[in-house]
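Input: a single structure, listed below in C-alpha cells.
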There are 2 protein chains.
Amino acid sequence: MARLVDVIEDMIKEMIDENDGIATINRSQLASQANCVPSQITYVLSTRFSSGQGYIVESRRGGGGQITVTRVEFVNKFEYLKEMIDAIGNAVTQQQAKNLLEGAVTSGAITHRDGEIIMSAVSDRALGLVESDIRSKVRAQIMKNLLLALISE
Amino acid sequence: MARLVDVIEDMIKEMIDENDGIATINRSQLASQANCVPSQITYVLSTRFSSGQGYIVESRRGGGGQITVTRVEFVNKFEYLKEMIDAIGNAVTQQQAKNLLEGAVTSGAITHRDGEIIMSAVSDRALGLVESDIRSKVRAQIMKNLLLALISE
DNA sequence: TAACTTTGACTTTCTTTGACAATTAGATTA
DNA sequence: TAATCTAATTGTCAAAGAAAGTCAAAGTTA
C-alpha cells in the first residue's frame, strides 16, 4: 500500500513535469483527488518540496487562493550555489552568512551587489524582531530562498 | 475563474495605458462592466493602486463625480523607495509586499529581478519559522532593510 | 521507541457583497 | 438671490465567503 505522501508527491511532480517546471495547485481540490484532508498537502509540500530540495513554493489565501510550486534547475553554472544551500543547512549565524557570501562573491558565483543585498536581508538588524533562539534558523531559511531566487531567473 | 480583483485591476491598468497614464473612472459604470458591486472597485483601488505602489488616486462624489487614477511618472528612485518604505510601515502581509513590489517594478524604481529577489526573502515560506503573530512585522523589517540596501548603492 | 504520517479543529488572510453615510451639481422654490 | 430639495456619485464598514496555514493529537512504521 503506497503511502499517501508518496502518492501526493508524485501527483505534484507530474503536474510540474507537465507544465514546464511549475505546478499550480488548488489545495482542497488536490486533497479531494488524493482522498485526504487538505493539510496533508501542506505536509507534503513542506517535507518534499523545500528550498533545500530545489523547489520554490508560493501561495496565497482567500478567494481564488492557490499554491504554486516551481522546480529550480541546477545547471552547472549554479553548482556553487547549490553547494552553498547545502552548506547553510538549517541554521546559520550572521557571521557564517557573511563568510559564505564573501566566498560566493570571490568565486564569482554571485555579484558583489547581490551579496550586499542578501546580507541586508539576513543581518541581525533585519532580523531583530526574531527571537534569538530561532534567528539562525530563520536566517538560513531566508538565505536559501534568496539563493534559489537568484538561480531561478 | 479569474479573480474579480485581478480582472478589475487589469481593466484599470488598461485604461491607464490607453490614456497617457491617467484613467478616469465612473465607479458604478465600471462596476457594472465588471459585474460586481461598486465597493469592489474601491477595494481594488485601495489594495492595488496605493501611493506606495506608484499611483495617485483622486475622487469626487456627487453628480458628475468620478475617480482618477494617475500612474506616477518615474521621478527618482530614491523618492519612490522612500514612499515604499513609508507604505510598509511596521507590518506587511505577504500579499501587500507583493503588490508593493509589483508597483515598484512597473514604475521602474526597481528591476524585475530585484523584485523577485526581495519577494523571495519575505515570502511566507522564507519566514515560516517566525511566529505568525510577528511575521508581518519581521517581514516589514527585512523588506525595509533590503530597500535601503538598494538605495545606498 | 523515535521518527514519520495522517487527521481535523481552529486560525489567518484575502475577497466579495450590501446596507448606509457623505458629498456634490443642478433644479426648484420662496 | 438664497435656500432647499433631488438625484447622482463616491466612501465606509462590517459581515459573509473562500481559500490556505497551524498545530497538536492519534496512528504507523522502521
Side-chain angles (χ1 to χ4, degrees), chain A residues 1-12 23-50 57-69 90 134 141, chain B residues 1-12 23-50 53 57-69 91-100 102 122-140:
Chain A
M1 184 60 159
R3 274 132 89 231
L4 203 36
V5 265
D6 296 330
V7 172
I8 295 169
E9 180 181 353
D10 288 346
M11 290 171 86
I12 296 175
T24 300
I25 297 172
N26 174 319
R27 193 180 75 151
S28 42
Q29 185 193 302
L30 180 57
S32 70
Q33 263 176 60
N35 229 306
C36 67
V37 295
S39 56
Q40 178 72 268
I41 307 297
T42 308
Y43 177 69
V44 172
L45 287 170
S46 63
T47 57
R48 306 289 199 270
F49 296 87
S50 68
V57 179
E58 297 163 292
S59 66
R60 64 190 282 180
R61 310 185 191 189
Q66 56 178 50
I67 304 172
T68 59
V69 184
N90 80 335
I134 60 162
Q141 217 50 58
Chain B
M1 0 149 214
R3 269 178 298 254
L4 204 38
V5 268
D6 295 334
V7 172
I8 296 169
E9 180 180 353
D10 288 346
M11 290 171 86
I12 296 174
T24 301
I25 297 173
N26 174 317
R27 192 179 76 151
S28 41
Q29 184 193 305
L30 179 57
S32 71
Q33 261 177 61
N35 229 307
C36 67
V37 294
S39 56
Q40 178 73 267
I41 307 296
T42 307
Y43 177 69
V44 172
L45 287 170
S46 65
T47 56
R48 307 288 198 269
F49 295 87
S50 69
Q53 286 160 307
V57 178
E58 296 161 295
S59 65
R60 219 180 47 182
R61 309 184 188 188
Q66 55 179 37
I67 304 173
T68 59
V69 184
V92 262
T93 65
Q94 172 180 257
Q95 189 59 45
Q96 288 166 344
K98 193 167 190 186
N99 291 337
L100 285 169
E102 276 169 11
V122 300
S123 67
D124 277 338
R125 293 285 148 181
L127 303 179
L129 294 169
V130 179
E131 297 217 40
S132 55
D133 55 340
I134 61 161
R135 194 175 300 162
S136 292
K137 291 182 183 172
V138 172
R139 182 176 359 252

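Just so we're clear, the structure is a prediction, and the values are computed from it rather than from any experiment. All chains are named by letter (A, B, ...) in the order of the sequence lines, taking the proteins before the strands, and each is independently numbered beginning at 1.
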Where the side chain of B:Thr47 meets the backbone of B:Tyr43, is there a donor-acceptor pair that is under 3.5 Å apart? yes
Does a side-chain heavy-atom distance below 4.5 Å link B:Asp124 with B:Arg135? yes
Short side-chain N/O contact from B:Arg135 to OP1 or OP2 of C:dT11, under 4.0 Å: no
A:Arg48 side-chain N/O to A:Glu9 backbone N/O, donor-acceptor pair under 3.5 Å: no
Can you name the atoms? Protein N/O to nucleotides 22-25 of chain C N/O, anything below 3.5 Å, with the distance.
residue, atom, partner, partner atom, Å
C:dA22, O4', B:Arg61, NH1, 3.3
C:dA22, N3, B:Arg61, NH1, 3.1
C:dT23, O2, B:Gly62, N, 3.2
C:dT24, O2, B:Gly63, N, 3.0

So, the side chain of B:Gln96 versus the backbone of B:Thr93: is there a donor-acceptor pair under 3.5 Å, distance only? yes
Within this structure, what is the NZ-to-P distance between B:Lys98 and C:dT15, rounded to whole angstrom? 11 Å
Expressed in angstrom and rounded to an integer, what is the separation of B:Asp133 atom CG from C:dT11 atom C1'? 12 Å
Phosphate OP1/OP2 of D:dG11 contacted by B:Ser59 side-chain N/O (<4.0 Å): yes
Return the value, rounded to whole Å, for the distance between atom CZ of B:Arg139 and atom C1' of C:dT13. 11 Å
Is it the case that atom CD in B:Gln33 sees more than 12 heavy atoms from other parts of the structure closer than 6.0 Å? yes
Separation of atom CD in B:Gln40 from atom C1' in D:dA15, rounded to whole Å: 15 Å
For D:dA20, does OP1 or OP2 lie under 4.0 Å from any side-chain N or O of B:Arg125? no
Please confirm whether the backbone N or O of A:Gly64 pairs with a side-chain atom of B:Arg3, one donor and one acceptor, at under 3.5 Å? yes
Quick one: is C:dC14 close enough that its OP1 or OP2 comes under 4.0 Å of any side-chain N or O from B:Asn99? no
Could you give the distance from CG (B:Asn26) to CD (B:Gln66), rounded to the nearest 0.5 Å? 8.5 Å
Do any N or O atoms of the protein come closer than 3.5 Å to N or O atoms of nucleotides 23-30 of chain D, and which pairs are they?
none

Would you say a side-chain N or O of B:Thr42 is under 4.0 Å from OP1 or OP2 of D:dT10? no
Given DNA chain C, 5'-ward residue of the pair B:Arg27 and B:Gln95, judged by closest heavy atom: B:Gln95
Pairwise distance CG(B:Leu30) to CE(B:Met11) - rounded to 0.5 angstrom: 5.0 Å
Roughly how many Å is it from CG in A:Asn26 to P in D:dG21, rounded to a whole number? 11 Å
When we call it a touch if two heavy atoms are under 4.0 Å apart, what does A:Val5 touch: a base, just sugar-phosphate, or nothing? sugar-phosphate
Taking CG from B:Asp124 and P from D:dT22, how many angstroms apart are they, rounded to a whole number? 7 Å
First encountered from the 5' end of DNA chain D, between A:Ser28 and B:Leu45: B:Leu45
Any base atoms under 4.0 Å from A:Ile8, or only sugar-phosphate, or nothing? Heavy atoms, all strands. nothing
In whole angstrom, what separates B:Tyr43's OH from C:dA19's P? 20 Å
Whole Å only: how far is the CG atom of B:Leu4 from the P atom of C:dG18? 12 Å
Given side chains that start at C-beta, do those of B:Ser123 and B:Gln94 come closer than 4.5 Å, heavy atoms only? yes
Side chains of B:Ile67 and B:Glu58 in contact at under 4.5 Å (non-hydrogen atoms): no
A:Ile41 near the nucleic acid: base, sugar-phosphate alone, or nothing, with a heavy-atom cut-off under 4.0 Å? nothing
DNA chain C: 5'-proximal contact among B:Gln96 and A:Asp6 (nearest heavy atom): A:Asp6
